[in-house]
Amino acid sequence: MSLPPSSAHAAAPQPLTAGRSGPLAGRLKPPGDKSLSHRAFIFGLLTVGATEVEGLLEGDDVLRTGEACRALGATLTRHGPGRWTVQGVGIGSLLTPVAPLDFGNAGTGARLMMGVVGGHAVTATFDGDASLRKRPMRRILDPLEQMGAEVLDQASGGRCPLVLKGTGEPLPISYETPVASAQIKSAVLLAGLNSIGRTVVIEREASRDHTETMLRHFGATVQVEPWGQHGRRIVLEGRPELRPRPVAVPADPSSAAFPMVAALLVPGSEVLLERVMMNPLRTGLLTTLLEMGADIAVEGRRVEGGEEVADLRVRASRLRGVDVPAARAPSMIDEYPVLAVAAAFAEGETRMRGLQELRVKESDRLAAVGAGLGANNIDHAIDGDDLIVRGGPVKGGGTVVTHLDHRIAMSFLVLGLAAQNPVTVDDEAMIATSFPTFKPSMTALGARFV
Ligand code: S3P
């Protein structure tokens, strides 16, 4: 199809440099969880009545999902930082958007919303920035087509911009996801909400289960049972009547990862990270850092808003290299770039196995991490789908290309806080998609940006 201009941020790139810092100290509540924030808006749209949300991540990705919810009929009201009300229209009653839905950098927003549109009698155009336009959408469109949705137009290989015509009577399918992906699982379940019958999703490796948890929270009937060694089988009863329920969004473990690794690497640091979500399908990085010898105390475990949370006390530590099994990847899929940074300072070799999914994130993260390590003279290798990092004294001094990827930007800024020489990232703009307060929050802990 002929492409309209993408929404890639038009402004000139904004480089940012991080320099060697004194001990980081203090407490920080990282921003609200991105996965839950997208879902809070989407479930609000699909529920008749007022859904109250607190702790929402007000990053660009989530706000784009909010705009899409508005275009599909919801009324969104902001009451204060992180506090929103969503007045939804309910399953089966979406409006047809009059303009393309622009998801910016947000793969999660776009893919989950494809599920919503795919299961409704509406047609919508999905688009985003240059990064989103490169990301594979066939993995979402395939099951939606099986359910009866039609792709009327698409860029090559099933990419954005694309036009999706949903069906008001989605077939209840049984679908085994080809890769461990919460986005594929969620798209099928969200489409299945409007099915008469049971939608079944099978995943061989369990991925984050926020959609299942939120479905139950809003009153849907969902059964989850183990499947094989590491997998799950999820069964959703279609056409539930969702009821408005308050949503309290805990801090995002994927954002907490940056101050966590920074505090481990900068000598003399002690930082308390508050109210961090401890869902076991999200804590792979914590497990790995503890194996590496990190001094992280998990304090005050409690349940808030249906998810377990805790405060994490992180002290500077001498780390040693470990072998990270491929089976752990789904529980830390977004944390490999910052783990690679931690590994650069560890004693010995760290091998991270089975990272093929990293190639289709906001950037080809495997290549981007390799290039960033290379730019800072860190001994590393990419062996098939594995990343190997050999730690040692880190000189730094490099400039890292971020490829519109927030996590590449934040990871290498963390590197700069502990390296001998400052590290520059070519563009900090995309950090606003997930951690808009990154720079002031880190500065308040003592991080030095120059
Ligand atoms: C997400 C799922 C993951 C993750 C992304 C958020 C979600 O993607 O990388 O940042 O909220 O469902 P995949 O489903 O592609 O693994």
Side-chain angles (χ1 to χ4, degrees), residues 31-43 56-57 59-62 64-65 103-116 128 131-132 134-143 175 177-190 201 203-215 231-232 234 247 249-250 252-258 277 279 281-285 307 326-339 354-366 368-369 385 404-408 410-411 430-431 433-435:
D33 185 70
K34 184 151 75 72
S35 293
L36 287 183
S37 296
H38 283 295
R39 287 163 173 79
F41 274 163
I42 291 172
F43 277 85
L56 185 100
L57 164 65
D60 190 66
D61 275 16
V62 173
R64 301 268 183 167
T65 293
F103 286 92
N105 197 248
T108 306
R111 290 180 171 142
L112 268 54
M113 206 56 100
M114 284 178 198
V116 172
S131 155
L132 191 65
K134 286 190 195 144
R135 300 185 68 183
M137 296 300 166
R138 260 291 131 212
R139 51 176 59 194
I140 303 293
L141 301 174
D142 285 343
Y175 193 72
T177 57
V179 289
S181 162
Q183 294 177 355
I184 304 176
K185 169 176 64 178
S186 300
V188 174
L189 292 174
L190 288 166
V201 180
E203 47 181 8
R204 288 189 177 278
E205 302 279 343
S207 66
R208 64 190 69 192
D209 58 359
H210 307 308
T211 298
E212 298 90 302
T213 304
M214 223 179 258
L215 280 166
R232 291 185 173 179
I234 301 129
V247 179
V249 182
D252 193 330
S254 301
S255 296
F258 302 107
M277 180 158 61
N279 182 318
L281 293 166
R282 298 289 300 281
T283 50
L285 176 70
E307 291 281 0
R328 199 178 290 161
S331 68
M332 55 178 298
I333 192 66
D334 293 333
E335 281 69 81
Y336 285 102
V338 79
L339 175 62
L355 304 190
Q356 58 278 4
E357 273 298 294
L358 253 56
R359 298 185 197 274
V360 291
K361 294 295 176 188
E362 284 83 331
S363 64
D364 175 344
R365 277 192 183 149
L366 196 48
V369 169
D385 294 327
L404 293 175
D405 190 327
H406 53 135
R407 298 199 205 280
I408 296 297
M410 288 186 276
S411 297
M430 302 319 284
I431 293 175
T433 61
S434 67
F435 200 156

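Quick caveat, the model's predicted, so the values are computed rather than measured. Numbering of ligands and ligand atoms starts at 1, following listing order. FYI, the numbering just counts along the sequence from 1.
- Listed by number with element, the atoms of ligand 1 under 4.0 angstrom from any heavy atom of Arg208 are 1 (C), 2 (C), 4 (C), 6 (C), 7 (C), 11 (O), 12 (O).
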**OP:** Using the side chain to side chain contact (heavy atoms under 4.5 Å, CB included) rule, take Glu357 and Val360 through it: C-alpha gap first, then chi angles, then the decisive distance, then the call.
**Re:** CA-CA 6 Å; Glu357 273 298 294; Val360 291; 3.8 Å; yes

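- With ligand atoms numbered from 1 in the order given, ligand 1 contributes 12 (O), 14 (O) to contacts under 4.0 Å with heavy atoms of Ala182.
- Each of Met277, Glu307, Met332 was checked for a side-chain contact (heavy atoms from CB on, under 4.5 Å) with Arg282, and the lone residue meeting it is Met277.
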Subject >> CA sep, side-chain torsions, deciding dist, call: Met410, Phe435, side chain to side chain contact (heavy atoms under 4.5 Å, CB included) >> reply: CA-CA 9 Å; Met410 288 186 276; Phe435 200 156; 3.7 Å; yes

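- The protein heavy-atom contact nearest to atom 6 (C) of ligand 1 is Thr108 OG1, 3.3 Å.
- Taking the charged nitrogens against the carboxylate oxygens, Glu203 and Arg232 have no contact shorter than 4.0 Å, which rules out a salt bridge.
- With atom 16 (O) of ligand 1 as the reference point, the heavy atom nearest to it among Arg282, Arg407, Lys361 is part of Lys361.
- Distances from atom 1 (C) of ligand 1 to the heavy atoms of Arg365, Arg135, Gln183, Arg139 put Gln183 nearest.
- Looking from atom 14 (O) of ligand 1 to the surrounding protein, the closest heavy atom is Ser181 OG, 2.7 Å.
- For atom 11 (O) of ligand 1, the nearest protein heavy atom (residue, atom name, distance) is Ser35 OG, 2.6 Å.
- Taking the ring-ring contact (aromatic ring centres under 6.0 Å, His included) definition, one finds that Tyr336 meets it with nothing, sequence neighbours left out.
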Subject >> Worked verdict on Asp334 versus Lys361 for side chain to side chain contact (heavy atoms under 4.5 Å, CB included) >> reply: CA-CA 9 Å; Asp334 293 333; Lys361 294 295 176 188; 4.2 Å; yes

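- Atoms of ligand 1 found under 4.0 Å from any heavy atom of Asp334, numbered from 1 in the order shown, are 4 (C), 5 (C), 9 (O), 10 (O).
- Here the shortest heavy-atom distance to atom 7 (C) of ligand 1, taken over His210, Arg111, Arg39, belongs to Arg39.
- When atom types are taken as modelled, the side chain of Asp252 and the backbone of Lys34 share a donor-acceptor pair closer than 3.5 angstrom.
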